[in-house]
Amino acid sequence: MTRPATARIALNRPLRRLFDYQIPDQINLIPGQRVTVPFGRQTLTGLVVETGVEPPAGITLKLVRERLEPWPALPESTFQLLTWASDYYQHPLGECLFTALPPALRKGRPAREKPDERWTASSTEAALPANAHRQMALFKTVKGAPGITSSALVQAGFTRAQIRNLQQKELIAEATEPQITPLAPEAELPAPTLSDAQATAAADFPADTKAFSATLLYGITGSGKTELYLHYLKTRLQANEQALVLVPEINLTPQTLARFRRYFGNRIQVWHSALNDGERLSTWLKIRNGEPVILIGTRSAVLLPFTHLRTIIVDEEHDSSYKQGEGFRYSGRDVAVYRAHLNQCPVILGSATPSLESWHNANQGKYKLIRLEQRAGNATPPHLELLDIRSRPLDAGLSRPVLNTIKETLARGEQALVFVNRRGFAPVVMCFDCGHLEECPRCDTRLTFHRRDRAMRCHHCDFQMAASHTCPKCQSENYKPVGQGTERTEDSLAEQFPDVPVVRVDRDSTQRKGSIQAILKKVNSGDPCILVGTQMLAKGHDFPNVTLVIVVNADGGLFSVDFRAPEQMIQTLLQVSGRAGRGDKPGKVLIQTCHSDHPLLNALSRGQYATIADQLLAEREGSQLPPFRAMAILRAEADTMQNSLQLLDSLKPMIQIPGVEIWGPLPAVIARKADRHRAQLVLITDNRKHLNRLLTHLCQHLDQTRLPNNIKWMIDVDPQETG
Ligand code: ADP
Ligand code: ZN
Ligand code: ZN
């Protein structure tokens, strides 16, 4: 009697185990394929991990129900990548594998696209309001290409809402005839012309696209890194090959996309959080089918099933958004490097402020360093100045010299950017009679006052309540907002400069889809205006008419407990400064601080990032912190701090081994968040392999331990935040 064929299946469950099933006679399975299997009373989608496994003795296996397609949804290389990542980041394999599938395929839907709607114009003329430019453009496009599909229109930059809108106005209708008129291929430009400095850098880019190499492009802000990427792809990538360009979420602006599309037309595809399920499936299929896509995407794009990937570029590689903060806590940048290695292709990491990890790798010769220290075109690096605000009168946080400089800038017809590191109106509301401070009832934090909707909000959980005019404790009216948020700065500037638009950019003002696009468009028109915003403004934007950057307060990162805080503060300040003077006119940066004698700020105003990075790295080496040793954090959260600490304490004997340094367990900096009490245990060692084995062992132990329901634990390898 032959033994039945068996398969080991991964499910999209947070369980560190796989499930064995019997394969029915009539189907053949190979690893990476999607199947459906019975699981309890449900039917779940699964992924085949291996076949021919020894079934456990005495257990009758259930049968695999259905094979969803004859080809593996995850080809071998992607499968290998995710298996590695599951082990490296200590996250259950099933959940890791499923992150490489689009939502539709996770839910077991068929791996094909819905037939696309086709459109024709219903009239020859469209009576639209004069300012409905996009709708008019859409109408003309449809009229010029009868039978054009919705997805082709989306590709061309229109939104599905605009299409529906024109349909409701009966200006366009679904085509009845199945005629196909492809969108006229966009005129694609040849490779961009490079400046001398850029050309020298380009000559150092990896010549061999069929071998692994890692390159760190250290190019100051405005040096034209994007031009170099375009040039590289244009000259090295073959017509049948795929490339991946990773960008931080906010950098995927229409301007960036348009720049890429000018050179590569419809070969450019995007991947980011705002796509709907249909768009994701469509792009995923192109990648899986090996179409010669150049994918511009955020973090999770690095996990997609490319089959002909020949180049990976990670732009703004220092950006902390590359590290996923929950669940599968991978670093998109680090996975990209590993993927290039697996795939034997080049990876290029680009930044004006490289992470100390990458800087260290370059110092050690693991990455090839390319330096580009001149701005492109006629632009020159901005002039940085520290402005000590101790004992200076401030108006909503802004000093006289700052207000005067803004005034001069606007008078010259230029734009100013004001960076505030907090959203909302004020981070604290305090009673000046009884000293009461409004705190979040669920977290160990203060509530932020949002004046637009008169709400008090917690920025660490979803708590909010109506703001009151009087102190809730003593009813005093001497109850006032303290400190600066973007709303307050916006209000104050609007009052001082009533003749120019003041535009606020933060998470609150950009929540609606397309709002950031609208804002950026306004700025790019070049008319005088003042931009007020958070981190969001600091990243990668190219506003040629911004010539003045103001940092309202630089001191936030100076005294933080997190060992990465100085690095992150310098990166943010240099990135935000880098928005000044990118066009033909010189730029100026004024940094307000109460610590103008602080060595780090001084280095910043004098020097280059390279020098500061060397200094910071020397400090890290002195204290043997990452990247000189490997770090992982074991976190616990429970209904009491004691339970969290106890769990971590009970693990200590297992990890007290030579070569592993342990900090804690200690309460987290915000010890209580959303009513959960959080503690952490930090592990540091110079042997990554040991650390990995130790963590695997810990996970197995914890999985087998019966913990009370309300205790949760998680592991963060290479944590970005250590508080
Ligand atoms: P980075 O990403 O390095 O900060 P960008 O790629 O955004 O810089 O380029 C900065 C600006 O310089 C852009 O407006 C870009 O169009 C322009 N630029 C880049 N390279 C050149 C060049 N060779 N000649 C003229 N302008 C250039
Ligand atoms: Zn009071
Ligand atoms: Zn809270």
Side-chain angles (χ1 to χ4, degrees), residues 189 191-202 217-232 245 247-248 251 253 255-256 258-260 262-263 313 315-317 319 348 350-354 370-382 429-448 456-465 468-480 524 526 538-546 574-584 587 609 670-676 678:
L189 297 176
T193 321
L194 300 180
S195 68
D196 288 350
Q198 285 172 330
T200 309
L217 171 63
Y218 163 53
I220 62 166
T221 55
S223 60
K225 292 183 285 297
T226 312
E227 241 73 14
L228 278 177
Y229 305 148
L230 287 166
H231 187 268
Y232 185 69
V245 181
V247 294
N251 286 43
T253 57
Q255 284 86 343
T256 312
R259 243 164 122 184
F260 275 88
R262 243 175 275 142
Y263 289 92
I313 292 169
D315 193 25
E316 311 287 355
E317 66 87 33
D319 200 283
I348 294 155
S351 175
T353 54
I370 299 180
R371 299 171 81 125
L372 183 59
E373 290 170 283
Q374 275 173 35
R375 278 198 159 178
N378 296 325
T380 49
V429 179
M430 190 173 120
C431 174
F432 284 77
D433 281 333
C434 79
H436 173 79
L437 292 171
E438 204 63 83
E439 287 175 355
C440 176
R442 310 181 59 211
C443 308
D444 292 336
T445 53
R446 312 256 155 79
L447 293 176
T448 302
M456 298 293 290
R457 290 213 177 90
C458 175
H459 288 187
H460 298 275
C461 73
D462 54 12
F463 179 84
Q464 62 172 330
M465 63 181 201
S468 99
H469 291 276
T470 54
C471 171
K473 208 165 149 203
C474 75
Q475 276 71 50
S476 156
E477 284 180 10
N478 215 353
Y479 183 60
K480 294 197 175 116
N524 280 311
K539 296 181 177 180
H541 304 294
D542 191 34
F543 309 128
N545 207 25
V546 168
L574 276 174
Q575 291 289 344
V576 73
S577 305
R579 299 317 111 201
R582 295 168 72 90
D584 293 339
Y609 183 72
I670 299 179
R672 186 177 51 113
K673 197 158 158 176
D675 274 331
R676 306 280 291 161
R678 308 147 74 229

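Each residue takes its place number in the sequence, starting with 1. Counting convention: from 1, in listed order, for ligands and their atoms alike.
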Note to self: Show the atoms of ligand 1 that are less than 4.0 angstrom away from any heavy atom in Ser195.
What the structure shows: 23 (N)
Check: For Glu477, does the CD atom have more than 12 heavy-atom neighbours from other residues, nucleotides or ligands under 6.0 Å away?
Finding: no
Note to self: Assess, by modelled atom type and distance only, whether the side chains of Arg672 and Thr445 contain a donor and an acceptor separated by less than 3.5 Å.
What the structure shows: no
Item checked: For atom 24 (N) of ligand 1, the protein heavy atom that lies nearest, with its residue and separation -> Gly377 N, 4.3 Å
Notebook entry, point to check: When you measure from atom 16 (O) of ligand 1 to every protein heavy atom, which one gives the shortest distance, and what is it?
Noted result: Arg259 NH2, 3.8 Å
Note to self: For Gln198 and His231: C-alpha separation, side-chain torsions, deciding distance, then whether side chain to side chain contact (heavy atoms under 4.5 Å, CB included) applies.
What the structure shows: CA-CA 10 Å; Gln198 285 172 330; His231 187 268; over 6 Å; no
Notebook entry, point to check: Which atoms of ligand 1 have any heavy atom of Thr221 under 4.0 Å away?
Noted result: 4 (O)
Next item on the list: Could you list which atoms of ligand 1 come closer than 4.0 Å to a heavy atom of Thr226?
Entry: 2 (O), 6 (O)
Check: For ligand 1, which part of Asp542 has a heavy atom less than 4.0 Å away: the side chain, the backbone, both, or neither?
Finding: side chain
Note to self: Looking at every non-hydrogen atom in both residues, tell me the closest pair between Pro192 and Tyr263 and how far apart they are.
What the structure shows: CB-OH, 3.3 Å
Item checked: Numbered atoms and elements of ligand 1 in range of Arg582, under 4.0 angstrom, heavy atoms -> 1 (P), 4 (O), 5 (P), 7 (O), 8 (O), 10 (C)
Note to self: Do Cys443 and Lys673 make a side-chain contact, defined as non-hydrogen atoms from C-beta onward lying under 4.5 Å apart?
What the structure shows: yes
Next item on the list: List the steps, then state whether side chain to side chain contact (heavy atoms under 4.5 Å, CB included) holds for Thr221 with Arg375.
Entry: CA-CA 7 Å; Thr221 55; Arg375 278 198 159 178; 3.1 Å; yes
Check: Where do Gly219 and Lys225 come nearest, in terms of heavy atoms and distance?
Finding: O-NZ, 2.8 Å
Notebook entry, point to check: Which of the numbered atoms in ligand 1 are below 4.0 angstrom from a heavy atom of Ala376?
Noted result: 12 (O), 18 (N), 19 (C), 20 (N), 21 (C), 27 (C)
Notebook entry, point to check: Of the non-hydrogen atoms in Leu228 and Ala201, which two are nearest, and what is the gap between them?
Noted result: CD1-CB, 4.0 Å
Margin query: Which heavy atom of Arg579 sits nearest to which heavy atom of Ala538, and what is that distance?
Written below: NE-O, 3.2 Å
Notebook entry, point to check: Please walk me through it: do Tyr609 and Ile220 pass side chain to side chain contact (heavy atoms under 4.5 Å, CB included)?
Noted result: CA-CA 8 Å; Tyr609 183 72; Ile220 62 166; over 6 Å; no
Check: For ligand 1, is Gly222 a contact, meaning one of its heavy atoms is under 4.0 Å away?
Finding: yes
Notebook entry, point to check: How long is the gap from CG on Asp462 to CZ on Arg442, to the nearest 0.5 Å?
Noted result: 5.5 Å
Next item on the list: Return the residue, atom name and 0.1 Å-rounded distance of the protein heavy atom closest to atom 8 (O) of ligand 1.
Entry: Gly224 N, 3.2 Å
Next item on the list: Report the nearest protein non-hydrogen atom to atom 22 (C) of ligand 1: residue, atom name, distance rounded to 0.1 Å.
Entry: Gln198 OE1, 3.7 Å
Note to self: Quick check for you: with the Zn ion (ligand 2) as the vertex, what angle do SG of Cys434 and SG of Cys471 span, to 10°?
What the structure shows: 110°
Item checked: Sub-4.0 Å atoms of ligand 1 with respect to non-hydrogen atoms of Thr193 -> 23 (N)
Margin query: Which option wins on minimum heavy-atom distance to atom 19 (C) of ligand 1: Lys225, Glu227, Arg375, Arg579?
Written below: Glu227
Next item on the list: Might you confirm whether atom CD of Gln374 has over 12 heavy atoms from other residues, nucleotides or ligands at distances under 6.0 Å?
Entry: no
Note to self: side chain to side chain contact (heavy atoms under 4.5 Å, CB included), that's the test. Do Ile370 and Leu372 meet it? Break it down for me.
What the structure shows: CA-CA 7 Å; Ile370 299 180; Leu372 183 59; 5.7 Å; no
Checklist line | the Zn ion (ligand 3) neighbourhood, protein N/O/S only, threshold under 2.8 Å | finding: Cys440 SG, Cys443 SG, Cys458 SG, Cys461 SG
Notebook entry, point to check: How open is the angle at the Zn ion (ligand 2) from atom SG of Cys431 over to atom SG of Cys474, rounded to 10 degrees?
Noted result: 110°
